[in-house]
Amino acid sequence: MRVKHLIETVEGSAADVSVTGFAIDHRKVAPGTVFGAFKGARFNGEDFIAEAIASGAIAVVAAPEVKVEGAIHVADAEPRQAFARLAAKFFAPFPDTTVAVTGTNGKTSTVELTRQLWRMAGFHAASIGTLGVTTADDQVSTGLTTPDIVTFLSNMAGLKKEGVTHAAFEASSHGLSQYRTEGLPVRAGAFTNLSRDHLDYHGTMEEYFAAKLRLFTDVIEPDGAAVVWADDIWSTKVIDAVKARGLRLISVGETGETLRLLDRTPTALGQTLIIEVDGKPRELKLPLIGAYQAANSLVAAGLVIATGGSVDQVFTSLARVAPVRGRLERAAINRAGAPAYVDYAHTPDGLEAAIQALRPHTDKRLIVVFGAGGDRDTGKRPLMAEVAARLADHVIVTDDNPRSEDPAAIRRDVLAGAPKATEIGDRRSAIAAAMAEAGAGDIVLVAGKGHEQGQIVGDRILPFDDVTVVRECAA
Ligand SMILES: CC(=O)N[C@H]1[C@@H](OP(=O)(O)OP(=O)(O)OC[C@H]2O[C@@H](n3ccc(=O)[nH]c3=O)[C@H](O)[C@@H]2O)O[C@H](CO)[C@@H](O)[C@@H]1O[C@H](C)C(=O)N[C@@H](C)C(=O)N[C@H](CCC(=O)O)C(=O)O
Ligand SMILES: Nc1ncnc2c1ncn2[C@@H]1O[C@H](COP(=O)(O)OP(=O)(O)OP(=O)(O)O)[C@@H](O)[C@H]1O
Ligand SMILES: N[C@H](CCC[C@H](N)C(=O)O)C(=O)O
Ligand SMILES: [Mg+2]
């Protein structure tokens, strides 16, 4: 591709130069690369412009006031957004039908369920998010929920080349505020919920919400659709923005209008839902437990309907969905017969949802093991503990990715919200204690890490998998 096909304003010989790729890290620049120079949390990409040009960058996307010598300066007050638009032109084409999911909790679950529903409808479908890039025959981890813009767009283009026609991706608030998932046409977007998380980054709930709202005000195509979980306290604001923009609205939940949840009855391995569609009640036997999984299933159903799926087909498929890795995953049953579940709950609201999901499945004790991550919102720590102390019978506080922080100090922050909890720093010992304690009829919940395969201590990732450890402790 030549420069003139990307940047119309360039004239003369520069317009005929070949563009070979895009990079936001100067160390990845090769001859012919377009370099994006952005101010970040740790570095200022503008400091690397000269080095990028020396390595062969032919154009630099940067703020207007920045000095660029020896390459084309694509000046924009929002350089990350301008870079996303250009990179998308370079990497296109993408899967024809692309949808995004935002919200504090439920993004991974919803994109994965959407992928499954599309697949059951006969489409070649994929999802991108915390679990990596998932297709019917492959799962490749990317490390972050929304990887950087270059990885994101090249992954999407790669999926198209593999024949994927339908893709659902997670739009995290970090990703949205850094324009990490932009540039390609988004046919529909979904909002799952908003509750406390990531205030270390966003500062206030209002700012955090504003980052998520951009999906609806800026990112979805003007003639696209929005699926909104209607029962959250922030949902009205999302619905107002969707209506103001003239997007097609699909609302789901007890107060939803498109798919209205009338009743929910837990069963041994799932739940029976009564959902009103077009004025008529329909029964659905969902093979997943917990109110939160019913919510995510309905949002996924909304996305499939928003992109042309039939209601009948969606309902038939929902009865056959497979569990999502690390979300209320039944990992083992101990010698006394107590089941142990692994769940990715890592916010106060998520922990509440996970415990509430399991409550109907025991009339005895519920033992919860959890911790809080280092280098993340510290304010959520005591709040998670308060939830656990209020809703569980025994709380064991342990470590969960301390990262650069002192694990004992993190535990102290957590324990402030649950003074009666047991403290066992080592995660394996904490899980072992819970598994040893659980008697017949009890339930163990190991929360916080879900699918994760490592414990991040300092800058090392030590292999650790909650499901494996639970199984070892049950044996
Ligand atoms: C706070 C945050 O979100 N940081 C992310 C962000 O970094 P940044 O833009 O602030 O980058 P920076 O490191 O300060 O560098 C600034 C610029 O200089 C460039 N640079 C830097 C150094 C150098 O030698 N040369 C160079 O060119 C960088 O490539 C960058 O463009 O952009 C980077 C690349 O896109 C990400 O890797 C990085 O994620 C860090 C590692 C991270 O931990 N992010 C977490 C908090 C995160 O984003 N999590 C959410 C999950 C949220 C959820 O689902 O709950 C996610 O979407 O994964
Ligand atoms: N709809 C929901 N309402 C409340 N809690 C939920 C909901 N969906 C999921 N959760 C809780 O959040 C946890 C994480 O779910 P999931 O991975 O789907 O969310 P996510 O938004 O992708 O999270 P992340 O921000 O880490 O990417 C679950 O294990 C569960 O405890
Ligand atoms: N996407 C979330 C996941 C948190 C998972 C938990 N295990 C932790 O490390 O805090 C984050 O990066 O904040
Ligand atoms: Mg996720």
Side-chain angles (χ1 to χ4, degrees), residues 100-114 127-132 134 141-146 168-176 190-202 208 212 229-232 235 252-253 288-300 323-329 341-358 368 370-378 380-381 384 387-388 398-405 407 410 414 427 445-457 461 464 466:
V101 179
T102 198
T104 303
N105 292 310
K107 300 181 293 296
T108 298
S109 307
T110 304
V111 295
E112 170 54 16
L113 292 167
T114 305
S127 64
I128 295 190
T130 313
L131 296 176
T134 310
S141 173
T142 53
L144 285 172
T145 288
T146 39
F169 70 89
E170 282 185 65
S172 70
S173 56
H174 291 84
L176 281 164
F191 174 79
T192 57
N193 50 63
L194 189 84
S195 66
R196 181 175 182 125
D197 202 6
H198 302 308
L199 292 195
D200 53 323
Y201 182 77
H202 296 287
Y208 178 35
K212 298 218 174 273
W229 173 254
D231 301 345
D232 192 83
S235 301
V252 305
L288 307 172
I289 64 166
Y292 92 70
Q293 301 217 81
N296 297 337
S297 302
L298 290 184
V299 176
V324 182
R325 186 75 239 279
R327 277 64 182 169
L328 290 174
E329 180 171 349
Y341 290 82
V342 166
D343 187 81
Y344 196 45
H346 53 265
T347 66
D349 199 50
L351 200 52
E352 174 152 3
I355 298 174
Q356 303 281 30
L358 294 174
V368 58
F370 83 100
D375 303 338
R376 293 287 186 272
D377 183 12
T378 52
K380 74 178 175 182
R381 294 173 185 171
M384 289 173 73
V387 166
T398 187
D399 293 341
D400 178 349
N401 294 338
R403 300 192 176 87
S404 74
E405 289 190 62
I410 300 176
V414 175
R427 195 167 177 98
L445 167 63
V446 180
K449 297 187 76 65
H451 63 282
E452 288 179 1
Q453 293 296 302
Q455 181 81 308
I456 311 173
V457 183
I461 304 180
F464 198 97
D466 277 352

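Counting starts at 1 for both ligands and their atoms, following the listed order.
Residue-to-ligand polar distances place E452 within reach of ligand 3: an N/O pair is separated by less than 3.5 Å. Distances between N or O atoms of T110 and those of ligand 2 include no value under 3.5 Å. Remark: ligand 2 and G350 share an N or O pair separated by less than 3.5 Å (distance only, no angle test). For ligand 2, the polar-atom distance check finds an N/O of G106 within less than 3.5 Å of one of the ligand's N/O atoms. Checked against a 3.5 angstrom limit, the closest N/O atoms of K107 and ligand 2 fall inside it. Residue Y344 has at least one N or O atom closer than 3.5 Å to an N or O atom of ligand 2.
Here Q293 has no heavy atoms under 4.0 Å from ligand 2, in either its backbone or its side chain.
Judged by the shortest distance from any of its heavy atoms, T130 lies inside the 4.0 Å radius around the atoms of ligand 2. The shortest separation from a heavy atom of T347 to ligand 2 is not under 4.0 Å, leaving the residue out of contact.
Distance from atom 7 (C) of ligand 2 to its nearest protein heavy atom, with residue and atom name: Y292 CD1, 3.5 Å. Scanning the protein for heavy atoms near atom 1 (N) of ligand 3, the closest one is Y344 OH, 4.1 Å.
Counted by atom type alone, K449 and N401 present one or more donor-acceptor pairs between their side chains at under 3.5 Å.
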